[in-house]
K.L.:
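After the structure tokens below, expect a handful of questions from me.
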Number of protein chains: 2
Amino acid sequence: MRKMVEAQLKLVPDLLRVMRKRYEILRQIRLSGKTGRRTLAASVNLTERSLRTELDVLREQGLVEIGPSGMALSAEGERLLEELEPFVREWFGLTRLEEALREAFGLKRVIVVPGDSDQSEAVKQEMGRAAARVLVGVLKPGDVVAVMGGTTMACVASHMQSSTPLRDNWFVPARGGLGESVDVQASTVASEMAKRTGARYRMLHVPDHLGEEAYQTMMQEPNVREVVEMIRSARIIVHGIGEAMTMARRRKLDERTMEELRREGAVAEAFGYYFDRSGAVVYRRTTVGLRLQDLERADTVIGVAGGRSKGEAIAAVLRYGQNDILVTDEAAAEEALKTMESRPG
Amino acid sequence: MRKMVEAQLKLVPDLLRVMRKRYEILRQIRLSGKTGRRTLAASVNLTERSLRTELDVLREQGLVEIGPSGMALSAEGERLLEELEPFVREWFGLTRLEEALREAFGLKRVIVVPGDSDQSEAVKQEMGRAAARVLVGVLKPGDVVAVMGGTTMACVASHMQSSTPLRDNWFVPARGGLGESVDVQASTVASEMAKRTGARYRMLHVPDHLGEEAYQTMMQEPNVREVVEMIRSARIIVHGIGEAMTMARRRKLDERTMEELRREGAVAEAFGYYFDRSGAVVYRRTTVGLRLQDLERADTVIGVAGGRSKGEAIAAVLRYGQNDILVTDEAAAEEALKTMESRPG
DNA sequence: AATAGTGGGACGTTTTACGTCCAACACATT
DNA sequence: AATGTGTTGGACGTAAAACGTCCCACTATT
């Protein structure tokens, strides 16, 4: 049955939205008993008129009876509502998660795709596609987008597409090069995104971590300086989220730093910074790329990450409080919400 | 699950119509490969513009990829279509039809594809695909398959495929040559099936109908005799079903025989024999190919036929009672069941 | 009897879908 | 290489559906 809903979600997403709307109307009618359109409209967040068109359908179906003194569920409506109950969880499980996450972490928008990226590559792909769509959706002419690296970001890039070439948008890597494979480098991701959308891009041919002296030297390079300035003025920032220790190992941090991270209780990594459970930054180093203050200045910060194992890390980064949009999957969403139970607020 | 769809239908009455529309668009795209809007619009009976809005949705969902040279299903679209198959049966009431047919005619298995082969070539193709899948499914190592000719059988052959070459399976024509076009001859069908599945095949270069004397002579030929023995020992038999008069005309039977068929009330033709409404054989002649007693001996007899006009003929052949599996389409299934209403049992 | 709240009708406006073109582009064939 | 067929995507006017906003007759409760 789960599979059927998923299939329907793909085939007729619009109709499922309608179904949800009507279901909630029915539920509200049952809840508030004999009541009128206007009060009902307020409680289900619809205008009077659009509620009315919905009611016409529901009456047509014989689910509600409408009299001069108000409306109520018909016997059949009652029965349907009962029968619907078990299915509803399937339909709205995700939307409920989205709402909950949005509320819990004060986000502007949350997209949750069904499944667990840890379990299935398809889910990760789906999440990438969702993120790509969101990103293209928030793009305005002239926008500069700074993107991070990572497998998730690479996956997002591979699903970017635009009907019309975004000739005056720029994609720039938010960080320099890291000791990882080429196709998950921020620069690679940025160029891939640009190519797929017909946008323009810049590369940043500099190691991400530099000593103070080397840093100053590189910043003398007009080529580097220019890109860095673009990064720091980006209106949109897209980034993945990782588990602290996993990322630390992958980036081959030295043992002393690893120990420090452990001591500080680092659980998450994002934008090159490490966070503890409460969302506090516990480790930073000079970087040629994006700085924390650039996040505050940016208009839209989009986080993309999924998989049950990343739930806690996601929650930690969200607590840092600079994210506007989150794209994740069901398993991670559930985990992230679990962390709220133990430490509300 | 059935309950779920019923519940959904109450909330969104035209859910099924929309799902069916989009499903058929997807299916048609898969069938016709890279093709354009206009041709596609014609084959799914939509105007170009309204097809376009549907395609927008499907593309948004990442189910079809649409390029300057035409459109095609994405990997995800392929996957969805596969996953949809069982649900589509539920949604369109095909499982009910299948059950009813199975009960009514005492069959082991029935597959009904949506649509009407008379109306749309695509439905016939789909039926062929389904039959091919069934056939490959029942094949065991070492099996000999005897196949009939006809346009439907040719269509089945064109959809055969096997992941691993079936090196020790044999396909043989169940009949000799008939006065029809080459690519619907039983021999052609057998060889096509063998080639597509990596199996082996034998041909039967003999006219189907022979006088007694010529028959005996031909059977002396070791070459012929060998194939005929394979035919008569086949574990699996696959055949089409035709309307009696249509087939009689196509086979150019003489006027006297035609009159006899009419008098006897022949409505159906299969395996070279003619049947009346009750499933009784009303006409037979000596043939080098399959005999009726071979049907009884065979393990699995698979009938494939579709189109509303063939409903009655299908019912007649099924009443003969030697079929195990039937692959048909929605329209023919409905017609075949209608004949049961008037003469139950 | 007054009043708050009800459904339903009406009407102009906005949004959406649709039918119908056309231009730019890819690909195969000549 | 040129040509022609078939493709997508854009544009635009029209038709239809949805919507926002009133109003009115009616009911139940106070």
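A note on names: the letters A, B, ... follow the listed sequences, proteins ahead of strands, and every chain is numbered from 1.
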K.L.:
Got a salt bridge between A/Glu98 and A/Arg102, using NZ or NE/NH1/NH2 to carboxylate O under 4.0 Å?
P.N.:
no
K.L.:
Whole Å only: how far is the CG atom of B/Leu55 from the C1' atom of D/dT7?
P.N.:
13 Å
K.L.:
Please give, in whole Å, the distance from C/dT16 P to B/Glu54 CD?
P.N.:
16 Å
K.L.:
Looking at C/dC18, I'd like to know if its phosphate oxygens (OP1 or OP2) sit under 4.0 Å from a side-chain N or O belonging to B/Thr53.
P.N.:
yes
K.L.:
Counting only side-chain nitrogens and oxygens, does A/Arg59 get under 4.0 Å of the OP1 or OP2 atom of C/dG8?
P.N.:
yes
K.L.:
Using a distance-only criterion (donor-acceptor N/O pair, under 3.5 Å, no hydrogens), is the base of D/dG6 paired with the side chain of B/Arg37?
P.N.:
no
K.L.:
Could you work out which one of C/dG19, D/dC19, C/dT6 sits closest to the side chain of A/Ser50?
P.N.:
D/dC19
K.L.:
Give the rounded distance in Å between these two atoms: CD1 of B/Ile66 and P of C/dA26.
P.N.:
16 Å
K.L.:
Does A/Arg37 come within less than 4.0 Å of A/Glu54, counting only side-chain N to carboxylate O?
P.N.:
no
K.L.:
Just the rounded figure in Å: distance from P of D/dC19 to CG of A/Asn45.
P.N.:
15 Å
K.L.:
Measure from CD on A/Glu48 to P on D/dC19 and round the result to the nearest Å.
P.N.:
13 Å
K.L.:
What is the distance, to the nearest angstrom, from the CZ atom on B/Arg49 to the C1' atom on C/dC21?
P.N.:
12 Å
K.L.:
In whole angstrom, give the distance that lies between atom CE of A/Met71 and atom P of C/dG5.
P.N.:
14 Å
K.L.:
Can a donor-acceptor pair be found, under 3.5 Å and without considering hydrogens, that links the side chain of A/Glu330 to the backbone of A/Pro114?
P.N.:
no
K.L.:
Let me know the distance between CG of A/Leu40 and P of C/dG8, rounded to the nearest Å.
P.N.:
14 Å
K.L.:
Taking only Lys NZ, Arg NE, NH1 and NH2, and the carboxylate oxygens of Asp or Glu, determine whether B/Glu334 and B/Arg308 approach each other closer than 4.0 Å.
P.N.:
yes
K.L.:
If the cut-off is 4.0 Å, is A/Thr35 near the phosphate of C/dT6, judged by side-chain N/O to OP1 or OP2?
P.N.:
yes
K.L.:
Taking only N and O in the side chain of B/Thr47, is any of them less than 4.0 Å away from OP1 or OP2 of C/dG19?
P.N.:
yes
K.L.:
Side-chain N or O of B/Thr39 versus OP1/OP2 of D/dT7: is the shortest distance under 4.0 Å?
P.N.:
yes
K.L.:
Looking at the base of D/dG20, is there any donor atom on it, or on the side chain of A/Arg52, that sits under 3.5 Å from an acceptor on the other one?
P.N.:
no
K.L.:
Side chain of B/Arg38: nearest nucleotide among C/dA26, C/dC22, C/dG8?
P.N.:
C/dC22
K.L.:
With a 4.0 Å cut-off, would you call A/Glu99 and A/Arg96 a salt bridge?
P.N.:
no
